[in-house]
Amino acid sequence: MPEASGGVGSGPHILLILENVSFGRDRRLAKQAGALRAAGCRVSVITRRDPRNHDHGGVSLYEYRAPQDGESKLGFIREYGYSVLMGAWLTVKVFLTEPFDAIQITGNPDIYFVIGAPFKLLGRPLVVDQRDLSPELFEMRFGKRGRFYDLLCKLERVTYRTADHVVTVNESLCDVVKRRRRRPGMA
């Protein structure tokens, strides 16, 4: 059963959603959360359950049981589908108990825009923390392109269209994101 724990600050409330690794194992997101807290923001994090999550004080944690890692295409669909459903449910729970002012999604593949998009209608900006390129990861892992690769490209485009801002881990990834956002039909 998902659970919440942690503290709150006094400034804007920022919701961070992390999919493919737990908050306690993601040093980058922990640093982002710490920087937001230092700037006076209240921070909530939706993440897979992990004992290390509680090593980072000052954030409200909303945890869910981690799904079994996918080993096949069908396994990945099951893993990420479950995570999206849990993330969406907990996002609504957070919003109803303590409305957030902005939302940041982090994870692959690029499917979490479905969680953030409805909140954009309520005036909540959506930030995408782009760390890896899902289509390229798929091609590297399975050694081919095809319908699933094409689907990942489409999901990436929709994610970029939906996002108010995209942040990246380095300049080379930033350049790729800029190129892809400028494609015909891209916002």
Side-chain angles (χ1 to χ4, degrees), residues 2-71 76 79-80 82-84 86-88 90-91 93-94 98 100-113 115-116 124-138 140-141 152 155-156 159-160 162-178 180:
E3 57 188 56
S5 64
V8 294
S10 59
H13 184 201
I14 310 300
L15 176 64
L16 307 174
I17 304 175
L18 180 64
E19 191 287 319
N20 57 351
V21 67
S22 68
F23 178 62
R25 297 175 190 271
D26 189 318
R27 290 187 178 128
R28 180 163 186 235
L29 195 67
K31 287 180 182 179
Q32 290 172 335
L36 289 167
R37 293 273 302 135
C41 296
R42 295 173 291 141
V43 178
S44 294
V45 178
I46 294 175
T47 184
R48 293 176 174 204
R49 186 174 294 130
D50 186 315
R52 292 185 188 181
N53 290 345
H54 301 277
D55 294 343
H56 306 280
V59 301
S60 295
L61 289 172
Y62 293 84
E63 302 176 287
Y64 63 92
R65 182 182 53 81
Q68 181 179 348
D69 289 336
E71 298 293 327
F76 284 117
E79 174 187 352
Y80 290 107
Y82 169 81
S83 295
V84 166
M86 293 305 297
L90 289 171
T91 299
K93 180 179 178 177
V94 171
E98 186 182 4
F100 46 83
D101 298 295
I103 185 171
Q104 175 180 307
I105 56 175
T106 302
N108 285 319
D110 302 303
I111 53 178
Y112 274 46
F113 69 89
I115 297 174
R124 285 8 185 229
L126 174 63
V127 175
V128 172
D129 183 357
Q130 185 71 55
R131 299 176 180 195
D132 299 302
L133 301 169
S134 295
E136 284 78 357
L137 286 176
F138 175 83
M140 185 176 71
R141 181 168 183 133
L152 290 172
L155 290 170
E156 180 184 78
T159 296
Y160 292 161
T162 306
D164 292 291
H165 302 283
V166 179
V167 296
T168 61
V169 295
N170 57 45
E171 285 301 316
S172 60
L173 184 55
C174 182
D175 292 341
V176 171
V177 170
K178 285 177 183 176
R180 291 183 179 178

(request) Please answer whether the main-chain N or O of Leu15 pairs with a side-chain N or O of Ser44 as donor and acceptor at a distance below 3.5 Å. (result)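 Looks like no, no N/O pair under 3.5 Å.
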(message) Strictly distance-based, threshold 3.5 Å: is any side-chain N or O of Arg37 a donor or acceptor partner for the main-chain N or O of Val59?
(response)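 Answer holds: no.
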Exercise: identify the closest heavy-atom pair between [X] and [Y]:
X: Ile46; Y: Gly87; value: CD1-O, 3.9 Å
X: Phe100; Y: Val94; value: CD2-CG1, 3.9 Å
X: Thr168; Y: Asn170; value: OG1-O, 3.1 Å
X: Ile103; Y: Gly116; value: CD1-CA, 4.2 Å
X: Pro12; Y: Asp101; value: CA-OD2, 3.2 Å

Side chain proximity check, [X] to [Y], heavy atoms < 4.5 angstrom:
X: Val167; Y: Val128; answer: no
X: Arg42; Y: Ser60; answer: no
X: Leu155; Y: Phe113; answer: yes
X: Tyr160; Y: Val166; answer: yes
X: Asn53; Y: Thr47; answer: yes
X: Val84; Y: Glu19; answer: no
X: Tyr64; Y: Ser83; answer: yes
X: Tyr82; Y: Arg65; answer: yes

(request) Answer yes or no: is there an ion pair linking Lys93 with Glu63, defined by an N-O contact shorter than 4.0 Å? (result)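 Salt bridge between Lys93 and Glu63, a charged N being under 4.0 Å from a carboxylate O: no.
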(message) Checking side-chain polar atoms at under 3.5 Å, does Glu156 have a donor or acceptor matched by the opposite partner on Gln130?
(response)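 Absent: no donor and acceptor within the cut-off.
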(request) Please determine, by modelled atom types, if Asp50 and Ser22 share a side-chain donor-acceptor pair under 3.5 angstrom. (result)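 Per modelled atom types, Asp50 and Ser22 side chains form a pair under 3.5 Å.
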